[in-house]
Structure formats: structure tokens, C-alpha cells
Amino acid sequence: MAKDSRQIESGLFPRKVVPVLLPMPAERAYSYALPDGADAVPGQIVQVPLGPRLVAGVVWDGEADVVNPDKLREITQVFDCPPLNAPMRRFIDWVASYTLSSPGLVARMALRAPAAFDPEPLIEALQLTDQQPERITAARERVLAQAADGLAWTKSGLAHAAGVSASVIDGLREQGVFAPVMLPPQPVVPAPDPDYDPAELEADQLAAAQVLRETVAAGGFGVTLLDGVTGSGKTEVYFEAIAETIRQGKQVLILLPEIALTNAFLDRFHNRFGARPAEWHSELAPRTREKVWRQVTESRVSVVAGARSALFLPFADLGLIIVDEEHDPAYKQEDRVFYNARDMAVVRARLSDIPVVLASATPSIESRVNAAQGRYSHLVLSGRYADAGLPDIELVDLRRHAPARGGFLSPVLIKAMAGTLERGEQSLLFLNRRGYAPLTLCRVCGHRFECPQCSSWLVEHRFRSQLQCHHCGHNEPTPQACPSCGALDHLVACGPGIERIAEEADKHFPDARTIVLSSDMAGGTRRLRIELEAIAKGEADIVIGTQLVAKGHNFPLMTLVGVVDADLGLSNGDPRAAERTYQLLSQVTGRAGRSGRKSHGLIQTFQPHHPVMQAFASGDPHAFYERETDERRMAVLPPFGRLASVIISAATRPEAEAHARGLRAAAPSSAGIMVLGPAEAPLALIRGRHRFRLLVHGARGNDMQGFVKDMLAKGPKQRGSVQVQVDIDPQSFL
DNA sequence: AGCACGCCGACT
DNA sequence: GTCGGCGTGCTC
């Protein structure tokens with residue numbers, strides 16, 4: 001290898017210098033010297049001094065920057081750990097450039113297991129020798145019988161199995177009856193068996209599974225959208241793709257929205273493969289986390305089920321990625337590195353040249369567009385599994401079937417609940433709003449309770465006697481008197497929350513057993529799990545819940561779902577409002593009908609002619625999605641000559657919204673102004689190659705700062721925000 | 001990201 | 001008089 005002439009000229013001992021990516025937001029890798037005799041290939045994980053501390057970094061590709069030799073410091077340790085492979089390194093660079101963050105911060109997500117870079121210590125075990133014990137006792141007899149198989153046992157394992165104390169084993173070991181042997185550490189999970197217990201698939205499942213098996217067998221990159229209504233058996237279908245990948249000896253990553261990563265899913269996997277997948281999510285105990293990370297890099301774990309962060313695990317030999325519930329907003333990360341794990345999963349699959357499956361009962365607009373345009377293959381499962389039928393959907397026009405004064409449940413819904421109760425079946429009332437009432441005002445002076453910190457309404461929580469801000473978490477006790485005019489007992493609650501719906505249901509059905517479920521429920525997730533089990537066993541007649549009940553949980557006895565206010569969320573300015581509403585209605589009504597009994601969904605709405613309501617009631621979302629897609633294109637990409645403005649907000653949403661309002665006022669013709677979070681960038685770019693104006697807003701104090709600095713040099717500056725022309729082509733990797 | 005340095009408000 | 005807030009800058 002050629003010696004660095006500058007270093008020779010400067011009289012320094014010539015050392016090999018390598019670029020090292022550090023877990024911080026620097027634009028480039030730093031240069032470090034390799035100690036004599038050490039070597040490190042790209043991807044190698046090393047320990048280096050950085051300022052006053054030691055950090056772990058990754059040796060990166062390319063030439064190291066030439067730096068002042070006085071500054072150059074030496075790598076302190078080359079970890080005995082498999083290097084990140086080339087596809088992983090390209091993935092890190094790609095994600096950094098696409099998300100406008102730095103490769104170091106992205107690499108940091110891949111290195112989130114501090115103590116995993118050293119090999120797992122071997123475990124000391126004991127094996128029987130030819131040596132006989134000096135004296136035989138009953139306890140020793142049992143130990144010898146237990147260990148007679150000749151296998152190595154851990155001390156505690158053997159003591160436990162033989163029913164003796166550890167000191168018995170120690171004694172035998174002293175006499176040389178046992179010899180210590182070092183064993184590799186236990187795998188975090190046993191190996192899954194692809195042929196353990198294959199499900200019996202129905203015709204269209206079978207066909208879809210066959211296509212997926214062939215896709216896996218053929219290998220190479222490809223995206224498949226697996227699209228099937230709730231209960232159509234998507235999981236069983238993609239399990240077959242997983243089985244095929246395991247047979248090939250490759251690893252599988254299953255991405256799930258955090259909420260779906262439940263024991264129910266893990267058990268289902270266990271039933272099919274005879275072992276659980278390794279889990280990866282934020283709640284993992286540090287020790288387990290390190291074991292999983294390490295064993296993933298060593299290919300000792302073959303299937304990982306995880307939340308979005310699992311996408312950055314350094315798999316040694318990844319063969320398939322599944323993204324379940326691909327439409328779920330939980331895939332978006334909106335701090336530090338902004339990304340949508342669903343999109344980045346497609347990129348990772350592309351760079352690793354492997355298949356990826358996106359599964360959902362209600363696919364996102366952009367995935368539908370990609371499927372319709374032939375970039376993704378499309379597998380549709382149309383029927384519900386076994387004898388489970390989808391509920392009959394009926395729209396309840398609230399203008400014609402008005403609830404009683406002060407109430408929110410229409411007579412139609414109340415009647416349906418009464419019938420359900422009589423048949424001994426369960427009802428679910430869904431309202432996506434916590435607390436008792438979203439707004440409280442004084443009837444005397446009109447004072448409205450606002451949050452002192454963020455000026456949104458304070459939500460009354462009557463059960464806790466509190467007024468809470470659902471944006472910033474501020475809370476205060478509910479006062480007796482109006483703080484503005486001092487009038488006593490004239491505060492009035494406006495609008496419904498689930499607590500108020502529970503009150504109303506109690507009034508109508510005082511003898512029914514009612515359970516209220518929301519994310520802020522006292523008792524936390526443990527209590528929640530207990531309540532969910534109780535519901536499944538039929539220990540409740542009426543369940544009243546927020547978004548939380550829409551996902552994942554199965555209520556086998558549920559035959560009626562009432563959506564209290566289906567319009568909620570349709571008018572909040574979110575470009576995904578209609579799409580989200582459709583998905584939510586679909587998920588929540590899908591809770592009913594699992595038992596095979598006839599079931600119903602009653603959707604209360606003031607806008608029965610809204611396209612979402614029509615599409616949902618007709619059971620044919622196709623036209624609706626077509627229209628949504630077109631509207632979205634129009635909004636984001638107006639005809640040539642009218643430049644679209646997309647504000648990719650790196651600051652708070654209200655700030656970005658305010659800025660957008662200002663822009664609209666200044667230029668009414670630019671109808672295309674909309675505010676999207678950075679993780680939504682692909683949505684803005686559905687059509688592929690487009691040049692548009694990107695307003696990076698409020699970039700102060702966050703990761704876009706460097707980006708903005710760069711762009712400032714090139715683009716014009718405009719009133720407090722930075723306006724730049726950029727090309728982002730999300731399809732260029734496909 | 002962490003950590004140091006540095007300059008202005010309320011308190012042991 | 002100090003302790004401590006977070007703004008700014010630096011790390012091969």
C-alpha cells in the first residue's frame with residue numbers, strides 16, 4: 001500500500017488512516033489512524049477517542065480526509081464483531097441523504113446496542129468425566145443420573161434438574177468428576193421450523209402464498225402489496241413467504257407498528273413455526289437488546305419481529321422484509337432522523353436485492369398508486385376467513401336521526417344496542433376523543449378554557465376532575481367558578497368525549513356491564529390487557545373506546561360497532577384526512593363479525609354524502625381512492641407553471657401552518673401550498689420526477705440546520721424561511 | 001449527540 | 001456574593 005507522502009515528508013511515522021463514521025450529526029466521516037499491526041475493513045465497528053470520551057464508530061468507505069496530523073488520533077479498539085455489510089452501508093448513506101440528515105446519525109440507529117460489539121461471553125458448563133466420585137450419596141447419585149447423557153450442563157441447570165443444591169455440583173467438580181467446558185451463549189430464541197405447522201389455506205390464500213413463495217424462491221428485489229380485508233388471513237399468507245426464506249437459510253425482518261407487536265402476534269408465529277421470532281422494540285431490556293443485536297449480526301437469529309427501529313439492525317444475510325399494516329402512521333419517525341420505515345424498508349430491500357412485502361387491509365394512497373402503475377405487484381385477498389363475515393354497514397344521518405337533547409347517540413344506534421344486549425352480544429362504541437368534553441365554556445361570560453402554553457382547548461376529564469391539554473400535557477384541576485367572571489356553577493361542557501358517551505350509555509342501559517378503554521386509562525398497559533381479556537371472555541356488554549380499540553385486538557363476541565362521530569378528523573386540514581378516516585372506520589368496524597354471527601356497523605355522520613362515507617358504506621373504496629389520488633396530485637403538483645410549495649416542516653406544526661397561511665394570503669394562486677412532515681415527502685412525490693419548491697421551515701436547532709446552511713449558499717432567501725429548488729426523486733431507486 | 005464555555009436572573 | 005438557565009461552538 002502506498003505510503004502517504006505528506007506524512008513521510010512531515011517526518012511522522014506512516015500510519016494507515018481510515019474514515020470513521022461517528023454517532024453524531026457531522027456531515028463527513030472523521031479520520032483516525034490505525035494502530036500498528038491493526039487492520040480494519042469498511043463496516044468494521046471500532047472504538048475511537050472523540051473529545052474527552054470514547055465512542056463507537058464504523059469504518060466507512062472511501063478515502064479518509066486529510067487532516068492536520070496534530071489532530072489525528074488513533075483508533076483505540078477494533079471490535080471483534082462482524083462488519084456492517086456493503087448493502088447496509090449504502091443503506092445508511094441513502095437514508096441520510098434522503099432524509100436530509102447526516103450519515104452519522106443514521107449509523108447511530110444501527111449501533112443502538114452499546115455492549116454488543118464485543119462477542120458474547122462463552123458460558124461455563126460442566127461435562128461428566130471418567131473420574132468416579134470418592135463417596136456416593138443420594139444427591140450425587142441423582143446428579144450423575146441426570147448428567148449421564150454426556151451432554152454439558154450449566155451448574156445451575158444441572159442442580160435444578162437433579163433437585164440438589166449447587167454445592168453438591170461444586171463438590172463433584174472439586175473431585176474431577178465434572179470438567180468445565182466453554183459453550184457458546186444461548187440463542188435468544190430457538191430456530192423457527194418452516195415446516196412446523198403450516199396453516200390450511202383457503203383457495204385465494206393458497207394462490208397468493210404460492211406467488212409469494214415463488215417471489216422468494218426467485219430472489220432479487222421486488223415489492224408486493226398484499227391487500228386483503230381484515231380477517232382475510234394475510235398473516236398466514238406472508239408466513240409462507242417467511243417459511244420459504246428460512247428454508248433458503250436467510251434472515252427475515254417483520255416490521256409491525258409498535259402497537260401490533262403483541263403477544264398475540266408472537267404466539268401466532270410460534271404456532272406456525274414452533275418458536276417465537278426475536279423481538280426488537282424500544283421497551284426491550286438492555287441485556288436482551290444486546291443479545292438480539294449481536295445474534296442478528298452473526299446470523300444466529302433468523303427472524304426478527306420489530307418496530308420501525310428494527311429496520312436499522314445490521315442483518316448478516318437478510319432475505320425478506322415484511323411490512324405489516326403498511327399504512328400505519330406509527331412507521332413515521334419524526335424526531336432526529338425523519339423517516340417512514342415503510343418507505344425505507346423498500347429502499348433497504350432494493351439495496352440488498354431482496355423481496356419486500358407490504359401488507360394491509362387498507363393500503364395507503366401511495367402504495368395503491370405504486371401498485372396501479374405496476375411498480376409494485378398486487379396480491380388481493382377478497383374474502384373473509386372461515387365463516388367470519390364483514391359487518392353490514394349503515395350510515396346514520398345525524399340530521400335526520402338527531403340524538404336527544406344533550407346526547408350524542410342517535411335513536412337508531414340506541415335501538416341497535418338494545419337489540420344486541422337482548423341477544424346477549426357485545427356492542428362497541430367508538431369515539432376518537434379522550435376525556436369528557438373537548439371544550440368547556442362559561443355560560444355567563446363566554447370564557448373558554450384554553451391551554452396557557454399552546455392555546456388549544458383544555459379537555460375536561462371529569463373522572464379525574466381535571467382540565468387537560470392533549471397537545472402539551474398541561475393539566476389543572478377543574479375549577480368551580482369561571483376564572484374570568486367569577487360566576488359559580490355556570491361552566492358548560494361542549495361536545496362529547498368517551499367519558500361522556502359512557503355516561504349516556506349508562507343512562508340508557510343502567511344494567512349493562514360497560515368498560516371504557518383509552519390510552520390514558522388508570523392502571524397502564526397491564527390493566528388494559530386484563531380488561532381486553534375480560535372483554536374477549538364476554539365479561540362486558542358495552543365497550544366504549546378511542547383509537548386504541550381499533551387496532552389488533554380481537555373481540556370474538558362483538559356484533560355491533562357504533563361510530564359516534566365519523567366526521568371527526570375530516571376537517572383538520574390534514575391531506576390524509578379522508579384516507580385516515582376510511583382506514584379508521586375500516587379497522588374499527590372490522591372488530592365485529594369474527595364469530596360468524598351476523599354483525600352491524602352503524603356510522604353516525606352529518607355528511608352522509610361525503611365520498612369517504614359513500615365509499616365505506618358501499619364497500620367499494622376503488623372510486624374513492626382514485627379520486628383521492630387525483631386530488632392529491634392536483635394539490636401537490638399543480639399544472640405546469642404553478643409551482644407547488646410543499647412545506648416540509650422541521651419545526652412545530654403550528655409554526656409551519658402559520659407560515660403556510662401567510663404564503664397563501666400573499667399568493668392566492670398558489671393553491672398547492674400544503675404542510676407535510678418530512679416523513680411524508682414520498683406522498684408529495686407520488687408522480688416521481690418533479691421539480692418543486694421546498695420550503696424548509698423553522699430549521700433552527702434541529703437536524704436540518706446543516707442542510708439549510710448549504711442551501712442558503714445556493715438559493716434565494718425569503719422572509720424568515722429558506723426557499724430552495726431541489727430535486728428529490730423517490731423512485732430513482734426503484 | 002455530548003460536552004464545555006459563557007453570559008444574565010433568583011437564591012441556598 | 002454564587003447556582004443555573006440554555007445559546008454557541010467543537011469534536012478527527
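The sequence lines fix the lettering, A, B, ..., with proteins before strands; numbering per chain opens at 1.
Here C/dC12 presents its C1' atom at 17 Å from NZ of A/K16, a figure rounded to the nearest Å. Rounded to whole Å, the distance from CD on A/E27 to C1' on C/dC12 is 16 Å. Between A/L22 atom CG and C/dT11 atom P the separation is 13 Å, expressed in whole Å. Atom CZ in A/R73 sits roughly 5 Å away from atom P in C/dC12 (whole-Å rounding). Distance, A/L34 CG to C/dC12 P: 16 Å, rounded to whole Å. If you take CG of A/L21 and C1' of C/dT11, they are 14 Å apart, rounded to a whole angstrom. The separation between A/R112 atom CZ and B/dA1 atom P is 10 Å, rounded to whole Å. Rounded to a whole Å, the CG atom of A/L105 is 12 Å from the C1' atom of B/dG2.
No side-chain donor-acceptor contact under 3.5 Å links A/D317 and A/Q251.
Looking only at side-chain heavy atoms (C-beta outward), A/Q47 and A/I75 stay at 4.5 Å or farther from each other.
For DNA chain C, the residues of residues 51-65 of chain A within the heavy-atom distance limit of 4.0 Å (strictly under) are A/G51, sorted by number.
Ring centroids of A/F91 and A/F315 are separated by 6.0 Å or more, keeping the two rings apart.
A/W293 pairs by the ring-ring contact (aromatic ring centres under 6.0 Å, His included) definition with A/F117, not counting sequence neighbours. In this structure A/F449 satisfies the ring-ring contact (aromatic ring centres under 6.0 Å, His included) test together with A/H447, sequence neighbours excluded.
Exactly one residue among A/R287, A/K291, A/R294 makes a salt bridge (Lys or Arg N to Asp or Glu O under 4.0 Å) with A/E120. That residue is A/K291.
Within the nucleic acid shown, A/P19 has no heavy atom closer than 4.0 Å to any nucleic acid atom.
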